[in-house]
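Note: hydrogens, waters and symmetry copies are ignored here, and every other heavy atom, side chains too, is used. Each ligand, and each atom within it, is numbered from 1 in the order the structure gives.
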Amino acid sequence: MLKSPVSPIVSANKASYNPHLTSKWVEVLVDCPDIEGLLTYRLPSDVSVQPGDVLNVPLRNQIVGGIAIRLRSSLPPDLSEDKIKEVETVVSESLFPSHYWELLEQIAQYYCTPLLSVIRTALPPGLLGKSQLRIRLKPEAIPTGAETFCSPVAASVLRRLQSQKIGEYSAIYLRNKIKGAQRGINELMRRGWVESYLQQPQPSRPKQQKAVLLVGDSPDLTSRQREVLEMLRRRGGELWLTELLQACSTTSSTVSALEKKGCVVIQAQERLRFAETPTQEVDRAKVLNNAQQNALDTILGITGYSEVLLHGVTGSGKTEVYLQAIAPRLNSGESVLLLVPEIGLTPQLCDRARARFGTQVCIYHSGLSTGERYDTWRQMLTGEPQVVIGTRSAIFAPLPQLGMIILDEEHDSSFKQNQRLPTYHARTVAKWRSKLENCPLILGSATPSLESWETQTRPSPQKIYLSLPERVYSRPLPPVSIVDMRKELQQGNRSIFSQPLQTALQQLKATRKQGILFIPRRGHSTFVSCRSCGYVIECPHCDVSLSYHYTHEGATQTLRCHYCNHTQMQPPQCPACGSPYLKHFGTGTQRVKQALDQEFPELRALRFDSDTTRTKGAHRSLLNQFTNYEADLLVGTQMLTKGLDIAEVTLVAVVSADGVLHRSDYMAAERAYSTLAQVAGRAGRGDDPGVVIIQTYSPEHPVIEALRTHDYQRFAQAELENRQAYHYPPYGKLILLNLSGLDALEVQQTATMLADVCREMTGENQAEILGPAPASIMRIARRYRWQILLKYPPSVGENILTELMELYALCPKGVSLKIDVDPLDMG
Ligand SMILES: Nc1ncnc2c1ncn2[C@@H]1O[C@H](COP(=O)(O)OP(=O)(O)OP(=O)(O)O)[C@@H](O)[C@H]1O
Ligand SMILES: [Zn+2]
Ligand SMILES: [Zn+2]
């Protein structure tokens, strides 16, 4: 167990210890963006509070929402008792699932992050701000003459509530109208005559719309009103108000007149969250093949926690196994978390899940608006069985009855947060969470991360390896041919496309099949340099060259920084020597598309990269165009590697593998293998067999060799041997300290100082401390960057984590420190 860097949360479910007997104070996370830390409040003697309860507390003459984080039996010395205000009410008890706070605390400890930052990452913004406490009568519990039993103030609250037909008011209203109302409310609650509840939020505007429902008829209607009813009847008895008004060219007063006559009901309804989703067909479970059935049976047989690695080659039907494993969980009232690397890239998965489970599917990711995230959260808290499909941050989904966690494409590095604290990996958090919840964790991939692979090599009853070695219907994996681009050049071929690729492209049109061209980079060219003096145009704010962007004939030629997004026009001459001869090096998606247009004008190509998919729904619409055969080729970056299942794709070509092969960090080979194997896996998923062509200047590279033979195991084994030799993960642990600041010298000096502190802290033998050294890109967005890498045996790591927290306090104001535990991006 980790030592806690902060005083531990009193866990709500430790029955042996009753915290509110000894605790007089509670630390509260208040819903107020400009307040950084926790605020301390006094606990009223008659109120019991547990961590995780939602409270109302006074703040600056207002009552605001807050979450009880920690109970305290004594005050910190710097707080004086008379300054402290009292908790107003408990709005909602145990809003969060029981192990939720333990999980957050574990994350804070492991990722060297203040608990508060973890909470802010986990909870959607405004969770508390929008919650409004309402008080309602429980008429069945109120005896006759109730008023005479209670205090005057309670009686006046009671009367006020009874005066209202629905018997309820917001707490704020009552407090405004009745002096001392809170005391009265508390008393009524104790007597069980009223209850409080959190008002459901008003869902954010675009989703809430007025619908008109046809409910009856009436003999005295105007002809206009009849028309409206007739329209409703013809359209199935239900229409959005706006559509109805438009269809009948009438005004809302006509419709409200109809409502008064009892013919229609106007109702605010939630417009389906995914308005862009086409209406779903119902999808039934497929008959599984033997390997799938075996995997499913094993998963269904698991009780409690187990870590399952579902290793299925591309197109082996992993998704079908997930879906069939989810169904019984839902039926037994449990919920399931299905994490995917990027939601925009998996419209197919979301559609399939919706077609199977309908409205029980809930999509959660950080691209949702604040309102949408909030609504989805509230929906999850209800405890209704549901499948939450989401990205990394959905691991924090507050599902009360969690029955299973699935990570699809578990090898994908987007599961790791590397920008902000906590730098958590959703897979690591998923392991903790499924242990806490005592439920299975399914890790699915065609190219498992070496970490997950290695875990399986150490047998344990709670580790299960399942393999789907074949594609569905025993379709073959596509043969992979490697093209040596050096030879192409020798043979005088200067095109981006090798001879074999040209032939394949020509056949595509003839056979009416489709292809995918993978290019590691977006933009046109990676850099622009001067032919006369060699000057390379760089970003003014970062130490990187600018990429050349040129989308089509006649478009503006711009230069853009892919790190800070600085954009400028391409200068007409070299800024250094004035020569007009600037050359574009490297090949990006735009350039490939242009070359295609020139060399294969009969092929229609669509560009699929982060430049063309910036707008909401763009992924889906581009993929729709492609599946509707409005294009022959999809030309794109990394995005192509994830989950595309398009039957007509028979050709996959990697235009240049070198861009992914040659990177300097220890993960480079693993990342290259999985990226290229995943792209290759898009070919031949339908009835027609596929082919894969990989163009490279390094055909002898071991990654390329392994791809040629689809031999993941051999690749994994060889790569693990490398890792072991150099004590890299999974045989060693890494922590990367990233420092950055505007003042180059200050950053460097701080880095030197921190490295010394680390050396003292960890002692000899325990850890290897590498650096300080400038980051591989030393300046990004004007900030200078230095790094220190800690490398240590897995066994000693956890004590270090606690001590590392102290480093934050050592940094001067101008230098920010980010501690990245288990870094994947060494940049
Ligand atoms: N038992 C089955 N019978 C018929 N078709 C199936 C079966 N299982 C899966 N399929 C279909 O096979 C295709 C590939 O399945 P799926 O997308 O689940 O593969 P996958 O293993 O997730 O692939 P990848 O990892 O490459 O994305 C899908 O179109 C799916 O509908
Ligand atoms: Zn020049
Ligand atoms: Zn820049």
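- Using a 4.0 Å cut-off to heavy atoms of Val472, the atoms of ligand 1 that qualify are 6 (C), 7 (C), 8 (N), 9 (C), 10 (N), 12 (O).
- Summary of contacts: the protein heavy atom closest to atom 26 (O) of ligand 1 is Arg685 NH1, 2.7 Å.
- No more than 12 heavy atoms of other residues, nucleotides or ligands sit less than 6.0 Å from atom CG of Asn290.
- Between Tyr465 and Trp453, the gap from one ring centroid to the other is short of 6.0 Å.
- Partner Leu546 forms a side chain to side chain contact (heavy atoms under 4.5 Å, CB included) with one of His566, Glu538, Arg560 and no other, that one being His566.
- Considering backbone and side-chain atoms together, Thr314 places no N or O closer than 3.5 Å to any N or O of ligand 1.
- The proximity of Gln678 to ligand 1, defined as any non-hydrogen pair under 4.0 Å, does not occur for either the backbone or the side chain.
- At a cut-off of 2.8 Å, measuring from the Zn ion (ligand 3), the protein N, O or S atoms that fall short of it are Cys539 SG, Cys542 SG, Cys561 SG, Cys564 SG, waters left aside.
- Set against the non-hydrogen atoms of Thr319, the atoms of ligand 1 under 4.0 Å away are 16 (P), 17 (O), 18 (O), 22 (O).
- Interface atoms of ligand 1 facing Glu409, defined by a heavy-atom separation under 4.0 Å, are 25 (O), 27 (O).
- Taking the six-membered ring where tryptophan is involved, the planes of Tyr673 and Tyr712 are tilted, since the angle between them lies from 30° to 60°.
- The shortest N/O to N/O separation between Gly317 and ligand 1 falls below 3.5 Å.
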Checking Asn289 against Gln293 for the side-chain hydrogen bond (donor to acceptor under 3.5 Å, both in side chains) test, could you report, in this order, the C-alpha distance in whole Å, the side-chain angles of both residues, the deciding distance, and whether it holds? CA-CA 6 Å; Asn289 64 30; Gln293 189 64 51; over 6 Å; no
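- Nearest protein heavy-atom neighbour of atom 30 (C) of ligand 1: Arg352 NH2, 3.6 Å.
- When only interatomic distances are considered, the shortest N/O to N/O separation between Val287 and ligand 1 falls below 3.5 Å.
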Would Tyr784 and Asp743 count as a side-chain hydrogen bond (donor to acceptor under 3.5 Å, both in side chains) here? Give the steps. CA-CA 7 Å; Tyr784 291 87; Asp743 181 337; over 6 Å; no
Can you check side-chain hydrogen bond (donor to acceptor under 3.5 Å, both in side chains) on Gln568 and Thr558, steps first, answer last? CA-CA 6 Å; Gln568 65 181 60; Thr558 56; over 6 Å; no
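- Nearest to atom 5 (N) of ligand 1 among the protein's heavy atoms is Lys286 CD, 3.4 Å.
- The protein heavy-atom contact nearest to atom 8 (N) of ligand 1 is Gln292 NE2, 2.9 Å.
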Residues Ile326, Phe357; criterion side-chain contact (heavy atoms from CB on, under 4.5 Å); working and verdict: CA-CA 9 Å; Ile326 290 170; Phe357 306 117; 3.9 Å; yes
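- With a heavy-atom cut-off of 4.0 Å, Ala446 does not touch ligand 1 at all.
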Could you go through Val387 and Ile389, starting from their C-alpha distance and side-chain angles, then the distance that decides it, and tell me whether this counts as side-chain contact (heavy atoms from CB on, under 4.5 Å)? CA-CA 6 Å; Val387 191; Ile389 304 182; 4.2 Å; yes
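- At least one donor-acceptor pair under 3.5 Å links the side chain of Gln456 to the backbone N or O of Ile464.
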Step-by-step side-chain contact (heavy atoms from CB on, under 4.5 Å) determination, His541 to Ile780: CA-CA 6 Å; His541 315 302; Ile780 291 182; over 6 Å; no
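- Surrounding CD of Gln717 are at most 12 heavy atoms belonging to other residues, nucleotides or ligands under 6.0 Å away.
- In this structure, Gly315 counts as a contact residue of ligand 1, since one of its heavy atoms falls inside 4.0 Å of the ligand.
- One finds no salt bridge joining Lys513 and Asp632 here, because no Lys/Arg side-chain nitrogen approaches an Asp/Glu carboxylate oxygen to under 4.0 Å.
- Taking any N or O of Lys318, backbone or side chain, at least one lies under 3.5 Å from an N or O belonging to ligand 1.
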Go through the steps to decide whether Thr709 and Arg714 satisfy the test side-chain hydrogen bond (donor to acceptor under 3.5 Å, both in side chains), and finish with yes or no. CA-CA 10 Å; Thr709 50; Arg714 215 176 81 191; 5.2 Å; no
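- Close contacts of ligand 1 with Leu288, meaning ligand atoms under 4.0 Å from a residue heavy atom, involve 1 (N).
- Among all non-hydrogen protein atoms, the one lying nearest atom 13 (C) of ligand 1 is Asp645 OD2, 3.6 Å.
- Under a 4.0 angstrom heavy-atom cut-off, Arg682 registers as being in contact with ligand 1.
- For the pair Ala631 and Leu606, the tightest heavy-atom approach, listed with the atom from each and the gap, is CB-CG, 3.7 Å.
- Those atoms of ligand 1 that come under 4.0 Å of a heavy atom in Tyr473, given as number and element, are 3 (N), 4 (C), 5 (N).
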